[in-house]
Number of protein chains: 2
Amino acid sequence: MAESDRIAAKTKFLDFLEEKNLRITAQRRAIVDTVFGTDQHFTAEQLLEWAKEKDSSVSRATVYRTLPLLTESGLVHEMDFGKDYKIYDPNYADHPNHNHIICDDCDKIVEFESDRLDQLEDEISTGLGFKVKTQQLRINASCEEMKRLGECKNKGN
Amino acid sequence: MAESDRIAAKTKFLDFLEEKNLRITAQRRAIVDTVFGTDQHFTAEQLLEWAKEKDSSVSRATVYRTLPLLTESGLVHEMDFGKDYKIYDPNYADHPNHNHIICDDCDKIVEFESDRLDQLEDEISTGLGFKVKTQQLRINASCEEMKRLGECKNKGN
DNA sequence: TTGACAATGATACTGAGTCTCAATATCTTC
DNA sequence: GAAGATATTGAGACTCAGTATCATTGTCAA
Ligand SMILES: [Mn+2]
Ligand SMILES: [Mn+2]
Ligand SMILES: [Zn+2]
Ligand SMILES: [Zn+2]
């Protein structure tokens, strides 16, 4: 994510708060700066840790309160990767339809976009009498190619 | 799921246990009978409740111990629908590649299969140097068509 | 029948996420 | 800039799905 995109996402979120008559606080600034200062997926607990480094007054409660605002604004997506915690993705501001492929051997995650996929989902949904709102495709795989090249390091090693 | 398929799935699971030198107990029988006696998606707690009706000695611990065996055998799939509990699906014995479309308004869930989808996922994964192991597509939608026909009852009603 | 050991239930525990509430900060109006 | 209305805060109690522990019981091969 380019510097300009980060600033744009941040501005959009502050506008979102204003539209909903919500207040811009020091804690929310620290959280938003953290979220749009990375392109990594993160957990709520990671976000708490990182945001505390910017402003030690940020509490767990505020992080958990701010995450739904971030997802509601459409700038961050909440994802389930089958773990017992949720994963948050700040890359939707830029790439609102991307999906993920996960290597079960080494936990590598690769993002991808596909217009053909989006179109097919629309087609299937329409055929069943639905209108798509959101979608989430997770492919669990093994990175055979990379394993051959020695780039897939099994966890057990 | 036809009666014969249910018996087949149950037999497969008992074989699976035998292959792994695991024992066939009364509690496991009650759980398996329950799982393959329905084609509904269920939670672990629901399974506990239903299995207890068949054999009141079934405990929560045994249900939670048996579920990983069922998923490992490939006859049941574990799914995340964005709730804070997992959903289990006994229909994979019959339809090992189906996916789900969920109406956010009325919580209706429709299952679908698509060879084109499977093929596209394979194509995308191969292109990125991965070999697909499992996949999960969730489409959140609103059932416009059914709403028009009065079949989509909003939760608030 | 016996013995090795897999499986069991009860229950304590874990940990992500939610709720509560008194104290505080923001923002608007004057 | 002060005041007032009210949104937001942190601390910590709480919830609840899922896991771990352990003494007891059940399975099954020999
Ligand atoms: Mn992503
Ligand atoms: Mn299903
Ligand atoms: Zn890998
Ligand atoms: Zn509906």
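Just so we're on the same page: letters track the sequence lines, and every chain starts at 1.
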Can you list, pair by pair, the side-chain donor-acceptor contacts under 3.5 Å of residues 114-121 of chain B, counting residues two or more places apart and other chains?
{"residue": "S114(B)", "atom": "OG", "partner": "R116(B)", "partner atom": "N", "Å": "3.4"}
{"residue": "S114(B)", "atom": "OG", "partner": "L117(B)", "partner atom": "N", "Å": "3.0"}
{"residue": "R116(B)", "atom": "NH1", "partner": "E123(A)", "partner atom": "OE2", "Å": "2.7"}
{"residue": "E121(B)", "atom": "OE1", "partner": "Q135(B)", "partner atom": "NE2", "Å": "3.2"}
{"residue": "E121(B)", "atom": "OE2", "partner": "Q135(B)", "partner atom": "NE2", "Å": "2.8"}

Take atom CG of L48(B) and atom P of dC16(D), then tell me their distance rounded to the nearest Å.
16 Å
Whole-Å distance between dT14(C) P and Y85(A) OH?
19 Å
From CZ of F16(B) over to C1' of dA6(C), roughly how many Å is that when rounded to an integer?
15 Å
Within the 4.0 Å limit for protein heavy atoms, which parts of nucleotides 25-30 of chain C are touched? Write it as a string from 5' to 3', B for base, S for sugar-phosphate only, - for none.
BBS---
Extract from the structure each pairing of a protein N or O with an N or O of nucleotides 18-22 of chain C at less than 3.5 Å, listing the distance.
{"residue": "dT20(C)", "atom": "O4", "partner": "R65(A)", "partner atom": "NH2", "Å": "3.1"}

Where do H95(A) and E111(A) land on the side chain to side chain donor-acceptor pair (under 3.5 Å) test, with the steps shown first?
CA-CA 10 Å; H95(A) 300 282; E111(A) 303 180 322; over 6 Å; no
Within this structure, what is the CZ-to-P distance between R29(A) and dT8(D), rounded to whole angstrom?
14 Å
Atom NZ of K54(A): over 12 foreign heavy atoms under 6.0 Å:
yes
Starting at CZ of F81(B) and ending at P of dA17(D), how long is that distance when rounded to a whole Å?
18 Å
Other residues, nucleotides, ligands: >12 heavy atoms within 6.0 Å of K108(A) NZ
yes
Tell me the interatomic distance from L47(B), atom CG, to dG18(D), atom P, rounded to whole angstroms.
11 Å
Given the options E18(A), K20(A), E19(A), L22(A) meets side-chain contact (heavy atoms from CB on, under 4.5 Å) only with K20(A)
Rounded distance [0.5 Å steps], CZ in F42(A) versus OG1 in T34(A):
9.0 Å
Measure up the H41(A) and H100(A) rings against each other and bin them: parallel (under 30°), tilted (30 to 60°), perpendicular (over 60°).
perpendicular
Counting only heavy atoms not in K131(A), do more than 12 fall under 6.0 Å of its NZ?
no
Should V76(A) and Y85(A) be counted in the same cluster of Ile, Leu, Val, Met, Phe, Trp and Tyr side chains packed under 4.5 Å apart?
no
Whole Å only: how far is the NZ atom of K83(A) from the C1' atom of dG15(C)?
16 Å
When the distance from CG of D84(B) to P of dC14(D) is rounded to whole Å, what number comes out?
20 Å
